[in-house]
Amino acid sequence: MLPLVIIQTSYQTYEMADKITSRSADYAQWYTDLVLQSGLAEYSPVRGSMVIKPHGWAIWEEMKSILDKKFKETGHVNASFPLLIPKSFLEQEEGHAEGFAKECAVVTHYRLKTDPDNKGKLMVDPDSQLEEELIIRPTSETIIWNCYKNWIQSYRDLPILINQWANVMRWEMRTRLFLRTSEFHWQEGHTAHATSEEAIAETEQMLHVYADFMETYMAIPVIKGIKTPGERFAGAVETYCVEALMQDGKALQMGTSHFLGQNFAKAFDVTFLTRDNKSEYAWATSWGVSTRMMGALIMVHSDDDGLVLPPKLAPLQVVIVPIFRNEEQLEQIRQKANGIISALKSQGISVKLDDNDQYKPGWKFAEYELKGVPVRLAMGMRDLENGTVEIARRDTKEKSTVDLEGVEDRIIALLETIQHDMYEKALQFRADSTHRVDDWDTFVATLEEKGGFIEAHWDGTEATEQKIKELTKATIRCIPLEGDMTPGKCVYSGAPSQRRVLFAKAY
RNA sequence: CGGGGUGUAGUUCAGUCCGGCAGAAUGCCUGCUUUGGGAGCAGGAGGUCGUAGGUUCAAAUCCUGCCACCCCGACCA
């Protein structure tokens, strides 16, 4: 039997795209239009869940492979734990149980049968009710720590540094493509350590791994910080996070890393014997980033013409559009293009020639801009005669005609320039959108008129945090790890404050 | 779960008020002409009008139930 050959088609599905709503007209609609029309994802028949289409999944795969490498470089290994979690496991850790109870999908039966009263229809077989309900994992701490109980007896078994790539489910009231869906894909690291210090170091290390990935590869500047008790992960002692600012001035939490203390070890009775033969509970961390990062990638960089992808995450980095009238001309262009393609591929650049003759060049230009391909080359007979090629960059839409000779080096340099410029542009936007505020009226006015991050003093109480949220819908995104440490007075209550924290309206 | 809205061609929607042959655009198929910023013309295929019932000579249209989805508010990576 012949092997089945699957041809990669994510850039070959041509459809006429409708107009994307402009960002200035309706930012939320722009986002939805862009996700749908650039072919990243579409709605599924089930409310709250989405289909991630090849182009969207290809970007996620780029993210995964880079992160996976970083996890392994820092000593982690991958494993896979079950999708279904016994309800009793979830009950073990009190804070955790309370935090997730309201958004769990529950499996109660294991069988269907044909409905005797309704031909051709299926019904849940009442005889198949489960003794104990199973929860579709909203996160995996409980089932993993149930395993760790058996894996950990001695300090010699520690640390355990495991990551899993998985899908999880949290039953959401209101959903948005990539940003909040009931089912989402992520990675969750779950580590066990002999000491508190080591666990905290792990938590911080992974936060830095995330931040480095987001800044270097996603070209998104992030603020590293810790969450207030009110915003902390259910079951954590301390939650670290990375926060980014979107083009509409709203913040997005891009990842979290939790120091779980001994909460889960105690809940699941995970003890080990130390070198001096004393029994101790293990120390834990967990950390995750999800397909939500796709939303950040879109909202930080893209424009009214479509996606703008940083070269380091673009599944296709360079596209060559030939301009031709007949097959002979195409063949001539193809020969020149093949030289460029092989030179670029040898440098690890992904590139393709779009020689489809069903669409005019103008159509292809618009299409690749919509899909976010960082660099586009156009080659026609005029170029062949002159020994030139037209080169266009997606982020600025600048076009220039350059000598064909040495164009490969120019492209490689341009990809680096684009990556760099995208980060700088986002950094500048964030700087322009970060406001230092010291009084309540300005605080409210700034949120209403400008949005963005607000650096302000907070008295440290949950009551004040809640009140500010009620009045302005802004939340404390984090207490930044770096930054201004000078004391002052709370912007709301006037009570003493040790330092400024970061406020914003958030997704 | 409260308030509002929508279910008609692959998609977006008109038609519903006032019952009377199932429509448009776009996409799809075929052919010819085009090709340096989303091409033009000609022909063609495509529907159980969400679903179940009721009223009527006649229902996409009126009435009732059910279902689904979307938008706005209370929870969240």
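All chains are named by letter (A, B, ...) in the order of the sequence lines, taking the proteins before the strands, and each is independently numbered beginning at 1. The basis for the numbers below is simple: all heavy atoms, side chains too, and nothing from hydrogens, waters or symmetry mates.
Remark: the separation of the P atoms in B/A74 and B/C13 is 27 Å, to the nearest Å. Across B/U12 and B/G27, the matching C1' atoms stand 11 Å from one another, rounded to whole Å. For the C1' atoms, the distance linking B/A58 with B/C18 amounts to 16 Å, nearest Å. To the nearest whole angstrom, the two C1' atoms, one in B/A52 and one in B/A77, are 41 Å apart. B/G3 and B/U61 have their P atoms separated by 26 Å, with the value rounded to a whole Å. Here the separation of B/G44 from B/U48, taken at their C1' atoms, is 24 Å to the nearest Å. Atom P of B/U11 sits at a distance of 13 Å from the matching atom of B/G50, rounded to the whole Å. Distance noted for atom C1' between B/U8 and B/G46: 14 Å (whole Å).
In this structure, A/Ile320 atom CD1 and B/G36 atom C1' are separated by 16 Å, rounded to whole Å. Straight-line distance from the OH atom of A/Tyr507 to the P atom of B/A77: 16 Å, rounded to whole Å. As rounded to whole Å, 11 Å separates atom C1' of B/A77 from atom CH2 of A/Trp60. Atom CG in A/Asp33 sits roughly 12 Å away from atom P in B/U12 (whole-Å rounding). Taking atom CD of A/Gln37 as the reference point, atom P of B/U12 lies 12 Å away to the nearest angstrom. In this structure, A/Met50 places its CE atom 14 Å from C1' of B/A77, rounding to the nearest Å. Between A/Leu36 atom CG and B/G10 atom C1' there is a gap of 15 Å when expressed in whole angstrom units. Distance, A/Asp354 CG to B/U35 P: 18 Å, rounded to whole Å.
Nucleic acid contact for A/Arg176: none, since no nucleic acid atom lies under 4.0 Å from a heavy atom of the residue.
Relative to the side chain of A/Lys102, the nucleotides B/C75, B/G37, B/U34 differ in distance, and B/C75 lies closest. Between B/C28, B/G37, B/G36, one nucleotide has an atom nearer to the side chain of A/Phe365 than all others, and that is B/G37. Closest to the A/Pro361 side chain, of the nucleotides B/A77, B/G36, B/G37, is B/G36.
In terms of phosphate contacts, A/Lys360 brings a side-chain nitrogen or oxygen within less than 4.0 Å of OP1 or OP2 of B/G36.
Base pairing of B/A74: no nucleotide in any strand meets the Watson-Crick or G-U wobble criterion (both distances under 3.5 Å). If you check B/U64 for Watson-Crick or wobble pairing at under 3.5 angstrom, you find it paired to B/A52. Shown here, B/G23 forms a base pair with B/C13; the pair counts as Watson-Crick or G-U wobble because both key distances fall under 3.5 Å. Of all nucleotides present, none satisfies the Watson-Crick or G-U wobble test against B/A59 with each distance under 3.5 Å. The nucleotide B/G37 finds no pairing partner, because no Watson-Crick or G-U wobble arrangement with both distances shorter than 3.5 Å includes it. Base pairing annotation: B/A42 forms a Watson-Crick or G-U wobble pair with B/U30, both donor-acceptor distances under 3.5 Å.
Residue pairs meeting the ring pair (Phe, Tyr, Trp, His ring centres under 6.0 Å) criterion with at least one partner in residues 379-400 of chain A, sequence neighbours excluded, do not occur; the list is empty. Under the salt bridge (Lys or Arg N to Asp or Glu O under 4.0 Å) criterion, the residue pairs touching residues 297-324 of chain A are A/Arg23-A/Asp304, A/Asp303-A/Arg394, A/Asp305-A/Lys397, with sequence neighbours excluded.
Listed by residue number, the members of residues 229-245 of chain A with any heavy atom below 4.0 angstrom from RNA chain B form an empty set. At a non-hydrogen distance threshold of 4.0 Å, A/Ala378, A/Gly380, A/Met381, A/Arg382, A/Asp383, A/Glu390, A/Lys399 from residues 377-407 of chain A come into contact with RNA chain B. Of the residues in residues 324-341 of chain A, those placing a heavy atom less than 4.0 Å from an atom of RNA chain B are A/Phe324, A/Arg325, in numerical order.
Summary of the strand contacts: A/Tyr43 and A/Ser182 both lie near RNA chain B, and taking for each the nucleotide with the nearest heavy atom, the more 5' one is attributed to A/Tyr43.
With respect to A/Lys70 and A/Asp212, a salt bridge is recorded, a charged nitrogen being found less than 4.0 Å from a carboxylate O.
Within 6.0 Å of CD in A/Glu405 there are 12 or fewer heavy atoms belonging to other residues, nucleotides or ligands.
Scored by the ring-ring contact (aromatic ring centres under 6.0 Å, His included) test, A/Phe268 finds no partners at all (sequence neighbours excluded). Here A/Glu231 pairs with nothing under the side-chain hydrogen bond (donor to acceptor under 3.5 Å, both in side chains) rule; sequence neighbours left out. Legend: residues meeting side-chain hydrogen bond (donor to acceptor under 3.5 Å, both in side chains) with A/His96, ordered by chain and number and at least two apart, are absent. With sequence neighbours excluded, no residue forms a ring-ring contact (aromatic ring centres under 6.0 Å, His included) with A/His301. Here A/Trp171 pairs with nothing under the side-chain hydrogen bond (donor to acceptor under 3.5 Å, both in side chains) rule; sequence neighbours left out. Applying the ring-ring contact (aromatic ring centres under 6.0 Å, His included) rule to A/Trp287 yields the partners A/Phe71, A/His76; only residues at least two apart in sequence or on another chain are considered. For A/Val237, the side-chain contact (heavy atoms from CB on, under 4.5 Å) criterion is met by A/Phe259, A/Asn263, not counting sequence neighbours.
Using bins of under 30°, 30° to 60° and over 60° for the plane-to-plane angle, the ring pair A/Trp60/A/Trp165 lands in the perpendicular bin.
Checked against the 6.0 Å centroid criterion, the rings of A/Trp363 and A/Phe365 do not qualify as a close aromatic pair.
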Practice task
Kindly determine whether A/Glu183 and A/Thr181 satisfy side-chain hydrogen bond (donor to acceptor under 3.5 Å, both in side chains), including the steps that lead there.
Solution key: CA-CA 5 Å; A/Glu183 180 189 5; A/Thr181 45; over 6 Å; no
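No aromatic stack links A/Trp363 and the base of B/G37, using centre distance under 5.5 Å and interplanar angle under 30°.
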